[in-house]
Visitor: 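Below you'll find the structure I mean.
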Amino acid sequence: MAASRFLGDRSIDHVVLERGEVANSWRTERWDSLRLLTPNWQSRLPGLRYEGPDPDGYMTVGEVTEHITRFASASGAPVRTGVNVTSVRRAGDEYDVTSDGVALRCQAVVIASGACNQPTVPGLATAVPPAVEQLTPFDYRSPEKLPDGGVLVVGASATGVQLAAELQRSGRPVTLSVGEHVRLPRTYRGRDVLWWMDASGVWDQRYDELEDLTRARRLPSPQLVGTAERATLDLNALTSMGVELVGRWAAVRDGRALFSGGLRNMFSLADLKMVRLLDTFDEWARTSGRDAEVGPPERFPPTRVPESTRLQLDLQSGEIRAIVWATGFRPDYGWLDVPVVDAKGQLRHEGGVVDSPGLYALGLPVLRRRKSTFIYGIEDDAREVTDHLARYLALPG
Ligand SMILES: Cc1cc2nc3c(=O)[nH]c(=O)nc-3n(C[C@H](O)[C@H](O)[C@H](O)COP(=O)(O)OP(=O)(O)OC[C@H]3O[C@@H](n4cnc5c(N)ncnc54)[C@H](O)[C@@H]3O)c2cc1C
């Protein structure tokens, strides 16, 4: 719909096809208690700013759905809902788009089908004993839907830390399997850490300026949660709540989950990267004369390494009744019959310009900037991608 807004400004004839309703992913693929981890003022969309009473608060799923629905009507986007695209195919210089009820021929296609269409679950899930219930974040709604007893949450990025905290609070003993993660405080020097990401220019770093773009695109989501208290939800917070930390889940053998050691190294690395980022913020505040506006620099205690860490868990003992796979999400291009998807299932593109003339993408990690994957990032990306698209359409054909 952001692309539609800019296409409309240029009077480019277009249609937006949506298999569900507007804001489908927010209506159908999120758990009940989820709030955005981005503050309300960052839920900015082209021509629509947050104007409610709590700019520093965090929207509930219902509020996000409302916000996006308001955007659809305010922008007058020509959305056709209930249209599931089953094929996009090259037809000469154009594309044939097929869905259950509609067939279209068009000169250009913007793929805005989302970066998180399917939860990623590692292959070792198939070796888990059947008595243990397994859920992805798409299946998970609230703790009551899980059996009583221990839960193993796999993955310590935004989804994993949020679900681990919620399940532990529900009275279930939680074990959290921790791999590479991005540690962040919720607030820094009195401001939301995402204010710093924006103000200091880190979020605006462009894809073609980054040293290691592939790595930046694979970076896990930060350990953040949106709450009224603006609480930090790092591993220290989880340990204080009673969550048990174990290493990365490496294998299943004879009904036992085997975890890697090396938590100490993994924690030091995440701590070090956080400190480097805070250094960047401090440097920006100093050189841009903003020091007086914010609190004094802060440094946080290192991540506490448990005195002893279990390297295995018997999945047949009844200790673990459910596993929640918080191991990330991936896009689904099963409907895209143009050879532009690599062996890892990712779209081949250069800043949203896909490797096939007239084909574009939006809403993917670090598409054009670090902030691309967030609601806050779509405006700049959509403007630039539609600029390119307009130039493409204007080429003598
Ligand atoms: C758990 C979770 C939490 C998140 N939290 C935040 C947050 O706090 N702040 C933030 O800014 N961002 C957050 N995000 C990222 C967020 O999803 C994006 O910012 C935003 O929703 C992306 O919008 P999108 O339109 O690109 O993708 P989506 O919201 O995924 O929308 C894609 C749409 O395409 C439709 N579609 C897909 N395939 C087809 C097809 N073949 N035919 C027709 N329609 C199709 C889908 O139904 C869907 O409606 C979160 C993501 C997840 C998964």
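The model shown is predicted, which means the values in this text are computed figures rather than measured ones. For ligands, and for the atoms within them, numbers begin at 1 and follow the listed sequence. Numbers here are sequence positions counted from 1.
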Visitor: Is there a protein heavy atom less than 4.0 Å away from atom 15 (C) of ligand 1?
Guide: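 Yes, there is a protein heavy atom closer to it than 4.0 Å.
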Visitor: Taking atom types as modelled, is there a side-chain donor on Arg304 or Ser240 under 3.5 Å from an acceptor on the other?
Guide: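 Judged by distance alone, the side chains do pair up.
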Visitor: Would Glu180 and Arg215 pass as an ion pair if we require N to O under 4.0 Å?
Guide: yes
Visitor: Closer than 4.0 Å and a protein heavy atom, does any atom meet both conditions relative to atom 23 (O) of ligand 1?
Guide: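 Under the 4.0 Å cut-off, atom 23 (O) of ligand 1 has no protein heavy-atom neighbours at all.
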Visitor: Nearest protein heavy atom to atom 42 (N) of ligand 1, by residue and atom, and its distance?
Guide: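 So the nearest neighbour among protein heavy atoms is Val85 N, 2.9 Å.
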Visitor: Considering only the protein, which heavy-atom contact is closest to atom 18 (C) of ligand 1, and what is its distance?
Guide: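 The answer is Thr373 O, 3.6 Å.
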Visitor: Looking at atom 8 (O) of ligand 1, what's its closest protein heavy atom, distance included?
Guide: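 Among all protein heavy atoms, the one nearest atom 8 (O) of ligand 1 is Leu37 N, 2.7 Å.
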Visitor: Which of the listed options, Ala112, Ala2, Gly363, Pro365, holds the heavy atom that is closest to atom 25 (O) of ligand 1?
Guide: Ala112
Visitor: Relative to atom 20 (C) of ligand 1, which among Tyr333, Phe374, Trp26 owns the nearest non-hydrogen atom?
Guide: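 Nearest option to atom 20 (C) of ligand 1, by heavy atoms: Trp26.
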Visitor: Below 4.0 angstrom from a heavy atom of Ser113, which ligand 1 atoms are there? Numbered from 1 as shown, please.
Guide: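 Matching atoms, with element in brackets: 32 (C), 34 (O), 37 (C), 38 (N).
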Visitor: Could you tell me the residue and atom name of the protein heavy atom closest to atom 27 (O) of ligand 1, and the distance to it rounded to 0.1 Å?
Guide: Gly114 CA, 3.4 Å
Visitor: For the atom pair CZ (Arg290) and CG (Asp282), what is the distance rounded to the nearest 0.5 Å?
Guide: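 Arg290 CZ to Asp282 CG: 14.0 Å, rounded to 0.5 Å.
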Visitor: Are there more than 12 heavy atoms of other residues, nucleotides or ligands under 6.0 Å from atom CZ of Arg248?
Guide: no
Visitor: Asn84 heavy atoms, cut-off 4.0 Å: which ligand 1 atoms fall inside?
Guide: 40 (C), 41 (N), 42 (N)
Visitor: Report the distance from atom CD1 of Ile378 to atom OG1 of Thr373, rounding to the nearest 0.5 Å.
Guide: 9.0 Å
Visitor: Any nitrogen or oxygen of Arg19 lying under 3.5 Å from a nitrogen or oxygen in ligand 1? Just yes or no.
Guide: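 Checking ligand 1 against Arg19, an N or O pair does fall under 3.5 Å apart.
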Visitor: Identify the closest protein heavy atom to atom 2 (C) of ligand 1: which residue and atom is it, and at what distance?
Guide: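 Going atom by atom, the protein heavy atom closest to atom 2 (C) of ligand 1 ends up being Arg30 NE, 4.0 Å.
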Visitor: Do you know the tightest heavy-atom contact between Ser99 and Asn84?
Guide: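 Looks like CB-O, 2.9 Å.
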Visitor: Look only at interatomic distance and state if Thr38 has a nitrogen or oxygen under 3.5 Å from any nitrogen or oxygen of ligand 1.
Guide: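 Yes, there is a polar N/O contact under 3.5 Å.
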Visitor: Indicate yes or no: does an N/O atom of Leu34 lie under 3.5 Å from an N/O atom of ligand 1?
Guide: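 Between Leu34 and ligand 1, no N or O pair is found under 3.5 Å apart.
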Visitor: Counting only nitrogen or oxygen atoms and a 3.5 angstrom limit, does Ile375 reach ligand 1?
Guide: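 N/O-N/O distance below 3.5 Å exists for this pair.
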Visitor: Could you identify the single nearest non-hydrogen protein atom to atom 31 (O) of ligand 1 and state the distance to 0.1 Å?
Guide: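 Its nearest protein heavy-atom neighbour is Ser25 OG, 4.2 Å.
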Visitor: Would a single hydrophobic cluster contain both Leu393 and Val109, if residues Ile, Leu, Val, Met, Phe, Trp and Tyr are joined by side-chain heavy-atom contacts under 4.5 Å?
Guide: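 Same hydrophobic cluster.
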Visitor: Using a 4.0 Å heavy-atom cut-off, say whether Val83 meets ligand 1 through its side chain, its backbone, both or neither.
Guide: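 Backbone only; the side chain of Val83 stays clear of ligand 1.
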Visitor: Measure the CG-CZ distance between Asp204 and Arg368 for me, rounded to the nearest 0.5 Å.
Guide: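 So the gap between those two atoms works out to 12.5 Å.
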Visitor: With a cut-off of under 6.0 Å to the ring centre and 45° to the axis, is Arg89 in cation-pi contact with Tyr95?
Guide: no
Visitor: If you compare all heavy atoms of Pro119 against all heavy atoms of Phe329, which two are closest, and at what distance to 0.1 Å?
Guide: CA-CD2, 3.9 Å
Visitor: Please list the nearest protein heavy atom to atom 7 (C) of ligand 1 with its residue and the distance rounded to 0.1 Å.
Guide: Leu36 CD2, 3.4 Å
Visitor: Could you pull out the closest heavy-atom pair between Ser142 and Tyr140, with the gap in Å?
Guide: C-OH, 3.6 Å
Visitor: For Ala390 versus Arg10, what's the shortest heavy-atom pair and its separation?
Guide: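 That would be CB-NH1, 3.5 Å.
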Visitor: What's the shortest distance from atom 33 (C) of ligand 1 to any protein heavy atom, and which residue and atom give it?
Guide: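 Residue, atom and distance for the closest contact: Glu18 OE1, 3.5 Å.
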Visitor: Would Val64 count as a contact residue for ligand 1, given that I'm defining contact as a non-hydrogen atom of the residue lying under 4.0 Å from a ligand atom?
Guide: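 Flag not set, Val64 not near ligand 1.
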Visitor: Checking salt bridge (charged side-chain N to carboxylate O under 4.0 Å, His left out) against Asp381, which of Arg369, Lys371, Arg370 comes through?
Guide: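 With Asp381 as partner, Arg369, Lys371, Arg370 yield a single salt bridge (charged side-chain N to carboxylate O under 4.0 Å, His left out), made by Arg369.
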Visitor: Do any nitrogen or oxygen atoms of Trp31 come within less than 3.5 Å of a nitrogen or oxygen of ligand 1?
Guide: no
